[in-house]
Student: 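Just dropping this structure here.
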Amino acid sequence: MTTASIFLRDDIETPIGRLAIVADGEGRLRAVDWTDCEERLARLLAHHYGARSDDLRPARDPGGFSTALAGYFAGDLGGIEGLPTETNGTPFQKRVWAELRRIPSGTTITYAELARRIGAPSAVRAVGLANGANPIGIVVPCHRVVGTNGTLTGYAGGIPRKQWLLAHEGWRAEADSSYRSNG
């Protein structure tokens, strides 16, 4: 396990399903995933932190993350920006995840643009893999990355959820020319 020996979990209801929120004892967000994706969450926890699902202690609103995410779903889109997060990953993955947090709410970029932004324009597939390994979905907004032609692809929680999250943030494909110019 990592230096954070305590992992706390809370689940909240959202308009698109129940969400699991995992924080460490130091008040940093470590994982966010849909409860119908428990196997994925268990794999992410094991891979990134050496933690097992039974290492998680139930907690109400650890670090205020449940409140912040509930606020996001209630319309406070900026309420999740700046939340303290901590992830284990390769330096490349961490660069991808840091860049994801710079994508403004309501906008999208392509995987190719994401690769360009981190200085690795030929690493589009590797960027896609790093995006898929992101343990802190929504807060580290992997849902804001689209295919080269603007298609909604590659969201572990399912394309309908990705579409809902983007619509919730005010994104409209026909109004977003960024994917056409960045792809």
Student: Identify the heavy atoms of G132 and R40 that sit nearest to each other, and give their distance.
Tutor: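 Nearest heavy atoms, G132 then R40: O-NH1, 3.0 Å.
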Student: Between H48 and W97, is the ring centroid distance below 6.0 Å?
Tutor: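 Centroid distance H48-W97: below 6.0 Å, so yes.
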Student: Can you tell me how far the CZ atom of F65 sits from the CD1 atom of I12, to the nearest 0.5 Å?
Tutor: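 That separation rounds to 12.5 Å.
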Student: Quick check: do T85 and R101 have side-chain heavy atoms less than 4.5 Å from each other?
Tutor: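 Yes - at least one pair of side-chain heavy atoms lies under 4.5 Å apart.
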Student: Quick one: are T153 and Y111 in side-chain contact, heavy atoms under 4.5 Å?
Tutor: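 Yes - at least one pair of side-chain heavy atoms lies under 4.5 Å apart.
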Student: Go through it in stages, so that I can follow the logic: the residues are H168 and L77, the test is side chain to side chain contact (heavy atoms under 4.5 Å, CB included), and I'd like the CA-CA distance, side-chain angles, deciding distance and then a yes or no.
Tutor: CA-CA 9 Å; H168 176 63; L77 303 178; 3.4 Å; yes
Student: Indicate yes or no: at least one non-hydrogen side-chain atom of V96 is less than 4.5 angstrom from one of N134.
Tutor: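 No; the side chains remain at least 4.5 Å from each other.
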Student: Quick one: side-chain contact (heavy atoms from CB on, under 4.5 Å) partners of R95, sequence neighbours excluded?
Tutor: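 Residues passing side-chain contact (heavy atoms from CB on, under 4.5 Å) with R95: F92, I118, A120.
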Student: Show me the pairs that pass salt bridge (Lys or Arg N to Asp or Glu O under 4.0 Å) and involve residues 159-168, at least two apart or across chains.
Tutor: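 Qualifying pairs, neighbours excluded: D36-R161.
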Student: Membership question, hydrophobic clusters at under 4.5 Å side-chain separation (ILVMFWY): are V32 and I103 in the same one?
Tutor: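 In one cluster with I103: V32, yes.
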Student: Output the distance between atom OG1 (T107) and atom CZ (R102), rounded to the nearest 0.5 Å.
Tutor: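 Separation between the atoms: 13.5 Å.
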Student: If you look at every heavy atom in H143 and L165, which pair is closest and at what distance?
Tutor: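 In terms of heavy atoms, the two residues are closest at CD2-CB, 3.7 Å.
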Student: Which residues pass the side-chain contact (heavy atoms from CB on, under 4.5 Å) test with P15, sequence neighbours left out?
Tutor: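 In terms of side-chain contact (heavy atoms from CB on, under 4.5 Å), with neighbours along the sequence ignored, P15 is linked to F73, W164.
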Student: Considering non-hydrogen atoms only, spot the tightest contact between E113 and I109 and give its length.
Tutor: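 In this case the closest contact between E113 and I109 is CG-CB, 4.0 Å.
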Student: Any idea which heavy atoms bring G137 and C142 closest together, and the distance?
Tutor: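 Closest approach of G137 to C142: CA-SG, 4.3 Å.
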Student: For the residue pair R30 and Y49, would you count it as a cation-pi contact if the rule is NZ or CZ under 6.0 angstrom from the ring centre and within 45 degrees of the ring axis?
Tutor: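 Yes - R30 lies over the ring of Y49, closer than 6.0 Å to its centre and within 45° of its axis.
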Student: Evaluate the side chain to side chain contact (heavy atoms under 4.5 Å, CB included) criterion for residues L45 and L56: first the C-alpha distance (whole Å), next the side-chain angles of each, then the deciding distance (0.1 Å), finally the verdict.
Tutor: CA-CA 10 Å; L45 290 170; L56 303 178; 3.8 Å; yes
Student: Return the CG to CD1 distance between D33 and I136, rounded to the nearest 0.5 Å.
Tutor: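 The CD1 atom of I136 is 11.0 Å from CG of D33, to the nearest 0.5 Å.
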Student: Would you say V139 ends up clustered with L44 if hydrophobic residues are merged whenever their side chains have heavy atoms under 4.5 Å apart, either directly or through other cluster members?
Tutor: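 Different hydrophobic clusters.
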Student: With side chain to side chain contact (heavy atoms under 4.5 Å, CB included) as the test, would you mind laying out the steps for V124 and T110 before giving the verdict?
Tutor: CA-CA 9 Å; V124 176; T110 64; over 6 Å; no
Student: Backbone N or O of G78 within a donor-acceptor pair of the E81 side chain at under 3.5 Å?
Tutor: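 It does not hold such a pair.
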Student: Applying side-chain contact (heavy atoms from CB on, under 4.5 Å), can you list everything that pairs with A20, at least two apart in sequence or on another chain?
Tutor: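 Residues passing side-chain contact (heavy atoms from CB on, under 4.5 Å) with A20: R9, D11, T35, L41.
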Student: Quick one: side-chain contact (heavy atoms from CB on, under 4.5 Å) partners of L129, sequence neighbours excluded?
Tutor: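 Expected list: none.
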Student: Minimum heavy-atom separation for I138 and I80, please, with both atom names.
Tutor: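 Closest approach of I138 to I80: O-CD1, 3.6 Å.
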Student: At their closest point, which heavy atom of A68 faces which heavy atom of G79, and how far apart are they?
Tutor: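 Result for this residue pair: CB-O, 3.8 Å.
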Student: Which distance, rounded to the nearest 0.5 Å, do you find between the CG of L83 and the CG of L69?
Tutor: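 Here the interatomic distance stands at 7.0 Å.
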Student: CG/L19 to CD/E13 distance, rounded to the nearest 0.5 angstrom?
Tutor: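 If we round to the nearest 0.5 Å, L19:CG and E13:CD are 9.5 Å apart.
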Student: May I have all residue pairs that pass side-chain hydrogen bond (donor to acceptor under 3.5 Å, both in side chains) and include part of residues 65-77, sequence neighbours excluded?
Tutor: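 Those involving residues 65-77 are D10-S66, D61-T67, Y72-E169.
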